[in-house]
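Quick note: numbers below take in every heavy atom, side chains included, and nothing from hydrogens, waters or symmetry partners. Counting starts at 1 for both ligands and their atoms, following the listed order.
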Amino acid sequence: MNNHYKSRRRGWRRSWSFVAATTGATIGLGNLWKFSYLAGENGGAAFVLAYLICIVVVAMPVMIAEVVLGSRGRSNPVSTMQDVSLEAGASSSWQLIGWLGCIAGLLVLSYYSVIAGWSFAYVGKLLGGEFVAASAQLSGDMFNNLLAAPALLMQWQAFFLLSILLVVALGVRKGISVAARLLIPLLLVMLIALAIYSSQVGDFKAAAEFLFQPDFSALNQQALLDALGHAFFTLSIGVGAMMAYGAYVPDQRSITGMVSTVVLMDTLVSVLAGLAIFPLVFSLNMAPAMGPGLMFVAMPYGFGNMIYGNYFGALFFVMVSLAAITSGVALLEPATVWLAQQFRWWRPVAAVVMVLVVWLLGLATIFSFNIWQDIDLFGMSVFSFLDFVTANLMLPVGGFLTAIFVGWVMRKEVLRDELYVESRQIFSLWHWLLRYIAAPGVLVVFLWSLSPWLKNLFIE
Ligand code: PHE
């Protein structure tokens, strides 16, 4: 790579800053809200196991590959792919990975911002004591009332988008990593405390069985595709975010080591969130498969019936909101940096334009909960369809292409140049997983999961 790249100032000097910022980008609604409802919908433990396997053998090698690309290219995902493919003597069409990532990121953010808006709204609701001594029924009704009010949803979504706009426009990378450094330990402590509380008042045994005793008959095609998609979603890969963050990776630090720490923390948060939510779900006789409302109905009920619950509850949703902000930034960053660099725009202007696009796209999700409730796309609501296309298709496709490019197209010496701190064994294991497990793994899951659907499509 030419000197222009080498001489560019490294972003974070210490590995902990990189780990904190990246953990902030990975821990978010995916761990707290989505993991629990997906586990609930897909029968629990078998899904959790499939998800963990996907994390270790597919998503983690791809995440390392994405960080390596970012560290090599040191630019926005599109330019990074252009430069790196040029260096590899490969076709410039590989920049498709960058494009796909930027588009997927904006689409994910369009619904992510709506859900984050719910979390913002719940801070006020809990502080205002709306859930004091609430019944499960009341908690469910409150959630449905929020979904039925498009103007309110729009207001909270806009509020969330403005918060991430501020961060991305100012380019306060340092701020993010400082915030994440405070937030992550606090979130962990709070989740542990909540899991203990839930285990006291809720049905911990049923929850533990549900989450850890696999019933493999529940592992159907849908569940496996959900597990794969969620592994990508939760680690924020396939949208170019890790390329953007990898551009600031500190020198002389083990990328595989840093990524492993991030993955460990991300997984821990998901499991703890599951242990906090499911004991309540089972003691309340709620249906684990009730869908996206699971966290927003179970947790407020739990808080409403706890001493000082409104304060703890408000704090919980403040943390969910902050975790969503640090992830939202990662979703917005790649497209913004691309726009700013491509047209030499001032970064805040690029960020405003992208936020406007996302805000408009987000209206589709908002309306899908109320005025467009009856619209059906392949048996899904507009929101579920967007979620399916991005998390279950676009992210894994982006990851698959990354695995092929880094595993098969880039020269090994170049990769070794970026991963020079790791031992030979670790490097070879990573490269082997990327080539022979991650890339074919995505294909196998796709073929198996989508075959009935494709068959229907063609037979009809
Ligand atoms: N990983 C984030 C979460 O779990 C979501 C995300 C996906 C963020 C893709 C950035 C890129 O909430």
For ligand 1, run through the N/O pairs with the protein that fall under 3.5 Å and put one pair on each line.
unit_1, atom_1, unit_2, atom_2, d
ligand 1, 1 (N), Thr26, O, 3.0
ligand 1, 1 (N), Phe233, O, 2.8
ligand 1, 1 (N), Thr234, O, 3.1
ligand 1, 1 (N), Ser236, OG, 2.9
ligand 1, 4 (O), Thr26, O, 3.0
ligand 1, 4 (O), Gly30, N, 3.2
ligand 1, 4 (O), Asn31, OD1, 3.4
ligand 1, 12 (O), Leu29, N, 3.0
ligand 1, 12 (O), Gly30, N, 2.8
ligand 1, 12 (O), Tyr112, OH, 2.5

> Which pairs, with at least one residue in residues 49-69 and sequence neighbours excluded, count as a salt bridge (charged side-chain N to carboxylate O under 4.0 Å, His left out)?
Replying inline: none
>> Within the structure provided, determine whether Met63 and Val262 are in side-chain contact (heavy-atom separation under 4.5 Å).
In response: yes
>> Using salt bridge (Lys or Arg N to Asp or Glu O under 4.0 Å), reason through Asp83 and Arg74 one step at a time and then give a plain yes or no.
In response: CA-CA 9 Å; Asp83 293 342; Arg74 302 207 169 253; over 6 Å; no
> What residues, two or more places apart in sequence or in another chain, satisfy side-chain hydrogen bond (donor to acceptor under 3.5 Å, both in side chains) together with Ser139?
Replying inline: none
> Can you list every pair that meets ring-ring contact (aromatic ring centres under 6.0 Å, His included) and has a residue in residues 253-279, with sequence neighbours left out?
Replying inline: Phe210-Phe278
> Phe18 versus Arg253: any side-chain heavy-atom pair under 4.5 Å?
Replying inline: no
